[in-house]
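First up is the structure itself, then whatever we jot down about it.
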Amino acid sequence: MTKGNFYITTPIYYPSDKLHIGHSYTTVAADAMARYKRLKGFDVMFLTGTDEHGQKIQRIADEKGVTPKAYVDNIVGGIKKLWELMKISNDKFIRTTDPYHERAVQKIFKRLYDQGDIYKSEYEGWYCTPCESFWTQTQLNDNKCPDCGRPVELTKEESYFFRLSKYQNALIQYIEEHPEFIQPESRRNEMMNNFLKVGLEDLCVSRTTFDWGIPVEFDKGHVVYVWIDALSNYITALGYLSEDESLFEKFWPANVHLVGKEIVRFHTIIWPAMLMALGLPLPKQVFGHGWLVLAGGKMSKSKGNVVDPVVLVKKYGLDAIRYFLLREVPFGSDGLFSNEALIGRINADLANDLGNLVSRTVAMIDKYFDGIIPDERAEGDFDQDLMETVLAAPAKVDEKMDSLEFSAALVEIWKAISRTNKYIDETAPWLLAKDESQKPRLAQVMYNLAESIRIVSVLIQPFMVETPEKIWEQLGILDAKETQWDSVYSWGGYQSGNRVQKGVVLFPRIDLEQEMEDLSKLETGKDLSKQKKAGKKTDHQEKEEKKEQEDSLITIDDFAKIQFRTVTVIEAEKVEGADKLLKLKVRMGDEVRQVVSGIAKYYTPEEIIGKNLILVANLKPVKLRGIESQGMILAASDDNTLSLVTLDKALQSGLKVT
RNA sequence: GGCGGCGUAGCUCAGCUGGCUAGAGCAUGCGGUUCAUACCCGCAGUGUCGUUGGUUCAAAUCCAAUCGCCGCUACCA
C-alpha cells in the first residue's frame, strides 16, 4: 500500500558539547521531510545519531575525570532529550558506540583490508596537538596549522590507508552522470574543481595515538579513525553485515543525506568511494545546506541572541522555532539568525496571519451559529477565487518539498492563508450577519473559511507538530479523514456538524522591544561573540571554539616559559614564491636570528628594516618554505590590517620583555 | 593564486535560456474595516538593478573590465 520507501539521514553529531540551534536546523529539516513523506504514504526511515569516538572526546573525558563512555552517555542523553523536546520523529538513533555498529565497522574494515582497498603504511604528517589533526605539507598555512594557526610537529605514525585515489575516476564519472547527486549545484562544482580533478590522496583510516575508537581486530593498537567509523553509520544502522539485513535491503540506497556544507566533501567523495569499494549503490543525493549565522559579531551581545534551542523552544514554543528555521532561509543558502528576525516571523506570519485567522473564524462561527455551520448555504462572489488559490497550494507544496525547498513550500501555504484573510474582508460576514435573509450566504462564507483553514492545517503538518491539532480542536475536526494529506486536493473535506470551539491563542504576539530587553538580561555573563557561526559542525574536523576560553587563564609560570626579546630588523626580503612571507634578519643583542614571517601583504622589506620589534625567542625553529625561522615576530591584526608590535621608545635589542 | 557565487526599494530577497511602465515579504505613511491576537484589507511610494565600457531594435538579465563581499581551495622553492 505504500508509495515506496524513503530513507533520510542527518549527520551523526559529535557529542563533545551541547548542541546548538545549528544542529537543530539540520535535524528539523530532516524531520520535516520525513514527516512529509510519511504523510504522502511512503515507508520512511529517518536516521540520526551521534559520532562518539575520537581523541577529542577522550581528552575531554580525561579532563573531567570520567570514562569517555560515561562522558558521551551524558551528552547523548541531552541530545536525545532535545530531539524529544523538538518532537523529532526519527525512526532510529544510532550511536557509534553501539555494539552492532562496532562489529559491523570491524567487518567493513577487515573486508576492505582483505580485498586490498586498505593497506598498511606509515603516515608522516604534521600534527597539531591542540586540534588533534594531521595535515599534509600542502595543507599547512605558513607551516602552521591551517585551523588554529599554531605550530605543528612532524610526526610519524603507522597507519592503515584507504585507497581513495583508486576511485577518483569512478567518482568523477558518477558525479557527471548523476547531476542530482550533489546539491546544491555550487557544491558539486567545488568538489569537482578542488578535489576530484586535482587528484585524490589515499586516506588515513586508523590511528595509534589514542584508543577511544573501534579497535582494528587484526592489529591491536590501531583504532578505526573517523571515516569508516562515522560514515558507515548510514548502513550499519540498517543492519548491514549483521544477522538481519532486511532493513538494509529495504532502504538502501538512501534517498538523501542531509549535511551541512562543511562536510559535503566527506559525504560526496570519501563515503561514495567506500561504498564503491564495498560494492554497494551510492546514496541518491547528498544535500549540503547552508548555515545559520549569527547576526553581526559585536552587535550580537547587546542584541542578546539566544542560540540554545532548549531556551528558544521554551520561550517561544516549538512550532514557532520549527517554523522559523524552515521558513527564514532558503535551504541551500546561509542565513542570518537573529532574535529580531525570529520575533518578526512569529508576529507577522504566525500570530497575525495564521493564528489570528483561526481565531477570528472560530469566533464568528461561534457567534453567528453557536459553533456549528448550518447546511443551508448559498454560494457567492469570491468563493471560486478563494477555492482556486487554496487548492493550488498542495501541488505547489509537493513540488517544493521534492526539491527540499522548505521555505518556498511554506511561502505557498502562506499564500493560501493570506487569500483567506482577504476573503473575510471581501465577504464582510459582520454585514451578512445583520440580515437574516443572508444566513445561508453567511453559512457558506463560514464554511469556506473553515475549509481553507482545514487545508492549511493539514499542509503545515510536516513543519509544525503541535499547531495542526490545536487547530483541529478549535474547528471541531474529529474525523481522521479530514486531516489526511490526500484530503486537501479537493474542496469540501470539512464536515457538516463539526462544532467549533474557541481555544487558546495559537501564537501570542510578542512585544519586540520588551523581548529584546529580556533577552539581553538572559545573556549576561555569556559571551556569544565566540560563537559566530551557529551552523552545525559535526565532525572531528570541527574547530574548537571553546578551547580558547578553557585555556585562557595561565599562571605566571606559564608566561615565564615564553621568552620575549627585543630585536631590531637589519635585513628583510621577500620569500621567493610566497605571497605572504618575508624573510627577516634581526639583531638580538649579539645574536642574529633569521625569522620568516607572514606579513608580506602588510609590510614591504624596506619599511620594516630598522624597526624595533618583539620576538618570541624560544620558539622551536621551523622551516617555512624551506627557510628556517628561528622565532616569531609579534603582531596584531584585524580583518584588514596587520600591525607589528613595536617599541614605544628606542631600546637596545636583546632585552627581555616581561 | 585557482574555481565558484554574490552585489536589485530602509531591511531580507525573487527576477530561468535578454523584451510589456523592475517585483514579493517585512518595516514606513495614508485610507478602510471591526469578526479577530492594536488584527485584517486596500493604496502609496522611493530604487542611477555595484561601477565602467561593449553586443543588440531591446539588458537587471549576454560579453569585457573594474570595485566590494562571501564560499571552497591552493602556493607552484
Side-chain angles (χ1 to χ4, degrees), chain A residues 136-143 146 184-199 261-265 268 288 290-291 293 295 327-330 332-338 340-341 343-369 382 405 407-408 410-411 414-415 417-434 442 445-446 449 474 502-512 533 535 574-581 583 596 598 600-601 623-627 639-640:
Chain A
T136 62
Q137 177 71 49
T138 56
Q139 283 174 313
L140 296 182
N141 204 348
D142 288 355
N143 275 32
E185 197 180 315
S186 57
R187 302 284 153 214
R188 181 169 77 236
N189 296 333
E190 284 177 7
M191 295 306 125
M192 274 295 194
N193 296 334
N194 292 328
F195 299 103
L196 289 164
K197 288 187 176 161
V198 301
K261 62 183 186 180
E262 76 283 5
I263 51 174
V264 166
R265 172 174 159 193
T268 57
W291 284 343
V293 181
R327 171 59 237 267
E328 182 68 6
V329 186
S333 332
D334 287 353
L336 286 180
F337 177 91
S338 72
E340 283 119 309
I343 292 165
R345 284 288 170 202
I346 292 175
N347 281 344
D349 298 357
L350 298 180
N352 294 351
D353 292 349
L354 175 58
N356 185 49
L357 173 63
V358 172
S359 167
R360 63 201 301 213
T361 298
V362 170
M364 283 191 283
I365 296 173
D366 192 55
K367 183 171 177 178
Y368 301 142
F369 296 117
F382 313 109
E405 294 177 83
S407 183
L410 284 166
V411 167
W414 254 254
K415 281 184 191 164
I417 293 172
S418 291
R419 183 65 191 85
T420 309
N421 269 320
K422 186 173 171 182
Y423 178 76
I424 296 179
D425 248 60
E426 291 166 337
T427 54
W430 49 93
L431 295 182
L432 297 172
K434 287 179 182 159
L442 181 60
V445 168
M446 290 303 118
L449 292 176
Q474 297 198 21
K502 283 194 192 175
V504 291
V505 168
L506 256 30
F507 301 98
R509 270 187 70 82
I510 298 165
D511 183 325
L512 180 65
K533 280 169 182 168
K574 288 211 64 165
V575 173
E576 194 89 3
D579 322 332
K580 296 180 186 167
L581 301 183
K583 183 171 84 176
V596 181
K601 288 195 171 156
K623 282 194 173 178
L624 294 173
R625 303 213 48 76
I627 303 166
D639 297 340
N640 315 312

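Quick note on labels: first sequence line is chain A, next is B, and so on, each numbered from 1. Computation of the quantities below employed the complete heavy-atom set of this structure, encompassing side-chain atoms and omitting hydrogens, waters and symmetry-equivalent molecules. Given the structure is predicted, the values throughout are model-derived calculations rather than measurements.
A distance of 12.0 Å separates CE in A/Met191 from CZ in A/Arg188, rounded to the nearest 0.5 Å.
Among the protein residues, A/Leu357 comes within range of no part of the nucleic acid, since none of its heavy atoms lies under 4.0 Å from any strand. Contact annotation for A/Phe507: base contact, defined as any heavy-atom pair under 4.0 Å involving a base atom. Base engagement by A/Gly355 is indicated by at least one non-hydrogen atom pair under 4.0 Å involving a base atom. A/Ala363 comes within 4.0 angstrom of sugar-phosphate atoms only, judged by non-hydrogen atoms across all strands, and of no base.
A/Asn194 contributes a side-chain N or O that forms a donor-acceptor pair with the base of B/G2 under 3.5 Å.
Taking side-chain N and O atoms only, A/Arg265 has a distance below 4.0 Å to OP1 or OP2 of B/U73. Of the side-chain N and O atoms in A/Lys261, none sit less than 4.0 angstrom from OP1 or OP2 of B/C72.
The base-pairing partner of B/G68, taking Watson-Crick or G-U wobble contacts with both distances under 3.5 Å, is B/C6. Pairing for B/G25 is with B/C11, a Watson-Crick or G-U wobble pair whose two hydrogen-bonding atom distances lie under 3.5 Å. Base pairing of B/C62 is made with B/G54, judged by Watson-Crick or G-U wobble geometry with both donor-acceptor distances under 3.5 Å. Base pairing annotation: B/C75 forms no Watson-Crick or G-U wobble pair, as no partner gives both donor-acceptor distances under 3.5 Å. Using N1 to N3 plus N6-O4 or O6-N4 for Watson-Crick, or N1-O2 and O6-N3 for G-U wobble, each under 3.5 Å, B/C40 pairs with B/G32. For B/U46, there is no paired nucleotide, since no Watson-Crick or G-U wobble pair has both relevant distances below 3.5 Å.
Closest approach of A/Gln474 to A/Val504, counting heavy atoms only: NE2-O, 3.0 Å. In terms of heavy-atom proximity, A/Asp353 sits nearest to A/Asn421 at O-ND2, 3.3 Å. In terms of heavy atoms, A/Phe382 sits closest to A/Thr427 at CD1-CG2, 4.2 Å.
Summarising the geometry, the separation between CG on A/Asp353 and C1' on B/A36 is reported as 13 Å, rounded to the nearest angstrom. Going from atom CZ of A/Arg345 over to atom C1' of B/C26 covers 8 Å, rounded to whole Å.
Distance from the side chain of A/Glu190 is smallest for B/C72 among the nucleotides B/U33, B/C40, B/C72. Among the nucleotides B/C40, B/G42, B/C35, the one closest to any side-chain atom of A/Lys422 is B/G42.
Straight-line distance between the C1' atoms of B/G45 and B/G23: roughly 14 Å, to the nearest whole Å. Comparing B/C16 with B/C62, their C1' atoms are spaced 14 Å from each other, to the whole Å. Comparing the C1' positions of B/C41 and B/C35 gives a spacing of 13 Å, expressed to the nearest Å.
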